[in-house]
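We number each residue from 1, following the sequence as shown. The figures here come from the full heavy-atom set of this structure, side chains too, leaving out hydrogens, waters and symmetry mates.
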Amino acid sequence: MPGSRTGRPPVQRASRRPAVARTPRDNPVQRFCTRARKAWDRPLTAYYLILGGSVLIIVLGLVMVYSASQITALQLSLPGSYFFRKQFLAAAIGGALLLVASRMPVKLHRALAYPILAAAVFLMVLVQVPGIGMAVNGNQNWISLGGSFQIQPSEFGKLALVLWGADLIARKQERKLLAQWKHMLVPLVPVAFLLLGLIMLGGDMGTAIILTAILFGLLWLAGAPTRLFAGVLSVAALIGVLLIKTSPNRMARLACIGATEPKTGVADCWQAVHGIYALASGGLFGSGLGASVEKWGQLPEAHTDFIFAVTGEELGLAGTLSVLALFAALGYAGIRVAGRTEDPFVRYAAGGVTTWITAQAVINIGAVLGLLPIAGVPLPLFSYGGSALLPTMFAIGLLIAFARDEPAARAALAMRQPRFGRKRAGGSGAERGPRRWNTMRRRASVARSSGER
């Protein structure tokens, strides 16, 4: 071997490895979007969205009812927490109804459809009986239960139409009768018009609009032909125009859309304009909880129909956007439940409940923003009113039951283990379930038993 000039053998250089193309690192935003997409597609996503979103709306609503109703209660010589305590009691009863509805099987929900419809119609007829029904703000839609407690049967009519309509359409779909237009409309549309007629006898057009939206939602989900759907919509629109034209009060509310200054005379837009003032003075983060100015007698119905305006004034744009996001999540979860199920009743009932809550929220918020006429409907799960809260919470329980009943959701719930292990059973230690917090101790005992030190 020839040596080098220094007398040392030449150093053999290692051959260079071929350059390996480096994979580009994942973008953090892309990684986050991937994880969010995987989490969004989990079987229990709709279940958690419905449960968490509704609970947050109810809790925030209780806080805002307490804040917005104090001045009204003091003006009526009542304790400042009067309306809050009544709403809290209604929320507690509604929570029990939600829990019961979420644990009931689908067959039992279908069995309750006809009794709930019969009870709602009976109570709505009693409203028109002199001496039993009572008028509130010009609408004859209430029944006194004694003392300060009242009930509005038309609110339970929404739940009755959803359950009964979903059961009716599901049975007709199972018998393959929906291809005929008479089976599509009869008896769904006549019964819905019966409920609408009983409501309009009391003058409550806002609730009638919500029932109409539920009816159209059920027909849309049932696959009504465009001509049939357009025909029913045209008839409903014509009746609505006649009812508005024949009522100076409704014409005045229609004239207040987009109003920026209060007017005098028939078209007095005091409530609509001061709702805009409350939203405009809130800014980005609001004036602070309890620091609203408009609720001091300037804004009528601050804790009921216009509670969203007080929320915007005290919690600002951040608070109002949070409420909108919660309702959007609730609506998405309801659509997801309706779209992923194979049970026709679940599809129609979930779609009807979602239409009900979404349409009512849009009408209420649109009126507060000055984009729609003031219809006098509360913000679901948020505004003061036990008659509106109880059936809505039962409907939320329906959605939770339907979300739990999905095959993938049932499998996920069955595989989910308790966080702190199973309950201890009698017998030897080997039969006891493992505990996560005792993992290291269990491993150590296993190592000692195998002879390791």
Taking [atom1] in [X] as the centre, count heavy atoms belonging to other residues, nucleotides or ligands within less than 6.0 Å. Is the count above 12?
X	atom1	value
Phe88	CZ	no
Glu342	CD	no
Arg42	CZ	no

task: Give a yes/no verdict on a cation-pi contact between Lys295 and Phe306, requiring under 6.0 Å between NZ or CZ and the six-membered ring centre and an angle within 45° of the axis.
output: no
Verdict with reasoning, Leu315 to Leu60, per side-chain contact (heavy atoms from CB on, under 4.5 Å): CA-CA 11 Å; Leu315 303 182; Leu60 183 58; 4.1 Å; yes
Can you find a heavy atom in the side chain of [X] that is under 4.5 Å from one in the side chain of [Y]?
X	Y	value
Met200	Leu243	yes
Val368	Asn364	yes
Phe193	Leu215	yes
Gln140	Gln128	yes
Trp181	Leu185	yes
Asp343	Val106	yes
Arg347	Thr341	yes
Tyr384	Lys86	yes

Please name the pair of heavy atoms, one in [X] and one in [Y], separated by the smallest distance, quoted to 0.1 Å.
X	Y	value
Ser383	Pro378	CB-CB, 3.6 Å
Val377	Thr207	CG1-N, 3.9 Å
Tyr277	Pro262	OH-CD, 4.1 Å
Leu49	Leu330	O-CD1, 4.4 Å
Ala409	Ala403	CB-O, 3.2 Å
Ile57	Pro380	CG2-O, 4.0 Å

Would you say [X]'s side chain and [Y]'s backbone share a donor-acceptor pair under 3.5 angstrom?
X	Y	result
Ser247	Ile244	no
Ser67	Val63	no
Gln271	Pro300	yes
Gln360	Leu379	no

- request: Go through the steps for Leu123 and Phe156 under the test side-chain contact (heavy atoms from CB on, under 4.5 Å), then give the verdict.
  value: CA-CA 9 Å; Leu123 291 176; Phe156 295 89; 5.7 Å; no
Any residue meeting ring pair (Phe, Tyr, Trp, His ring centres under 6.0 Å) with Phe229, in chain and number order, not counting sequence neighbours: Phe216, Trp220
Ring pair (Phe, Tyr, Trp, His ring centres under 6.0 Å) involving Trp270 - partner list, sequence neighbours excluded: His274
First locate atom [atom1] of [X], then atom [atom2] of [Y], and finally report the distance between them rounded to the nearest 0.5 Å.
X	Y	atom1	atom2	answer
Ile210	Leu196	CD1	CG	11.5 Å
Leu98	Ile400	CG	CD1	4.5 Å
Phe345	Leu168	CZ	CG	11.5 Å
Leu188	Leu161	CG	CG	6.5 Å
Phe308	Thr311	CZ	OG1	7.0 Å
Ile357	Ser54	CD1	OG	8.5 Å

message: Check this for me: does any side-chain nitrogen of one of Arg171 and Asp167 sit under 4.0 Å from a carboxylate oxygen of the other?
response: yes
task: Answer yes or no: is there an ion pair linking Arg110 with Glu174, defined by an N-O contact shorter than 4.0 Å?
output: yes
For [X] and [Y], test the side chains for any donor-to-acceptor distance below 3.5 angstrom and give the result as yes or no.
X	Y	answer
Ser387	Gln150	no
Tyr348	Gln173	yes
Ser292	Glu313	yes
Gln152	Ser154	yes

query: Parallel, tilted or perpendicular: which describes the rings of His109 and Phe402, with under 30° parallel and over 60° perpendicular?
result: perpendicular
message: Is the ring pair Phe83/His303 parallel, tilted or perpendicular, if the boundaries are 30 and 60 degrees?
response: tilted
task: Could you name each residue pair satisfying salt bridge (Lys or Arg N to Asp or Glu O under 4.0 Å) that touches residues 234-262, not counting sequence neighbours?
output: none
message: Under the criterion side-chain contact (heavy atoms from CB on, under 4.5 Å), I'd like the reasoning laid out for Met104 against Leu112: C-alpha separation, chi angles, the key distance, then a yes or no.
response: CA-CA 11 Å; Met104 288 169 54; Leu112 289 177; 3.3 Å; yes
task: Decide side-chain contact (heavy atoms from CB on, under 4.5 Å) for Leu381 and Met393; before the verdict, give the C-alpha distance in whole Å, the side-chain angles of both, and the deciding distance to 0.1 Å.
output: CA-CA 7 Å; Leu381 304 172; Met393 291 188 70; 3.9 Å; yes
- request: Show your reasoning for whether side-chain hydrogen bond (donor to acceptor under 3.5 Å, both in side chains) applies to Thr304 and Glu301.
  value: CA-CA 5 Å; Thr304 56; Glu301 306 296 335; 2.8 Å; yes
